[in-house]
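Throughout, a chain's letter reflects where its sequence line sits, starting with A, and its residues are numbered from 1.
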Number of protein chains: 2
Amino acid sequence: MEKIDETDRVLLRALQIDGATSLDSLAEIASISVNTCWRRIKRMEEAGILSKRVALVDPDKVGLAQTVFVAIRTRDHSAAWLERFAGAVRAIPEVVEFYRMAGDVDYLLKIQVGSVPDYDRVYKALIARVDLADVSATFAMECLKNTTELPI
Amino acid sequence: MEKIDETDRVLLRALQIDGATSLDSLAEIASISVNTCWRRIKRMEEAGILSKRVALVDPDKVGLAQTVFVAIRTRDHSAAWLERFAGAVRAIPEVVEFYRMAGDVDYLLKIQVGSVPDYDRVYKALIARVDLADVSATFAMECLKNTTELPI
DNA sequence: TGTGAAACACATATCTA
DNA sequence: TAGATATGTGTTTCACA
């Protein structure tokens, strides 16, 4: 693991808020030269600390305001089954997050769709592909916070 | 609501994957001139469809690999209480997502920390600020997918 | 919509402390 | 290891046709 000092953290915080911040501004914020700043960012990109730059799209504005959390219990716990299951779920673009959990729920999915009927289509696609013991959906009524900023 | 055509969608898809894609490439992908491309993107930025450009940081590489989902039930359901509660929760940087839910869980938080003891500190900070009926945490063992790309 | 030019930003080299 | 300076190239932004 690459080590990160406080200056790196300052850069990461700024880039998490605005990924288009210029090198000039970043150098000023971190009180280092533009040159050093460029080298640090390049290093963090190469180390995979800064994984990518993306544009964020407002879900409301494109008709994808419905967030659904889906808790899944499975029958089969073999490695081969998991691999098949994980592949199938990852391939569904509406599934934006997907975790294997501790506790009595085996997997948790976060699904982003436009409406409840849209969710139903994703649900059907899901159960058509793999055999699941229990699938239970909970709908979000309101998004109070959703950030890509990690607490660095 | 601004209307979005298929060309806009092509641009959004490309920018969701790589927010640093040059206007030249975007224009080529969408088969439009650089100029038109620039104007479309500007329009979508102004309309808030493209909400921001950010750099994504790999949680593993900065020691924030532990994701915790916290289901909360409340005693008080007044608007004033909700406002106070929402403000307090939003201000906690470890809380990266926060939803008001339908069903028997009132709120769901996604918390990003480095370890279980770190989560405990966030938990204590949370219950110190607001009175909650029931708080139950579930830990993620493995992240199988986590994307900012909406299924546009 | 398209052209083009000015302004800006990036990536790298070289030299210095 | 970090900073100053210089420079060719690429990119964005915008006025005008």
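Looking at Glu94(B) and Arg121(B), no side-chain N of the basic residue comes within less than 4.0 Å of a carboxylate O on the acidic one, giving no salt bridge.
Shown here is Glu142(A), whose CD atom has more than 12 heavy atoms of other residues, nucleotides or ligands within 6.0 Å.
Not one side-chain nitrogen or oxygen of Lys42(B) sits closer than 4.0 Å to the OP1 or OP2 atom of dT12(D).
Computed from coordinates, the Asp18(B) CG to dT11(D) C1' distance equals 14 Å when rounded to whole Å. Rounded to a whole Å, the CG atom of Leu26(B) is 17 Å from the P atom of dG10(D).
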Listing time: all N or O pairs from protein to nucleotides 3-10 of chain C that are below 3.5 Å?
unit_1	atom_1	unit_2	atom_2	d
dT3(C)	O4	Asn35(B)	ND2	2.4
dC10(C)	OP2	Leu23(A)	N	3.0

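The side chain to side chain contact (heavy atoms under 4.5 Å, CB included) check on Val89(B) picks up Phe85(B), Val95(B), Phe98(B), Leu109(B), Leu126(B), with sequence neighbours excluded.
Atom NZ of residue Lys61(A) and atom OG of residue Ser51(B) lie 8.5 Å apart, to the nearest 0.5 angstrom.
Between Tyr107(A) and Trp81(A), the ring planes are tilted. Angles from 30° to 60° get that label.
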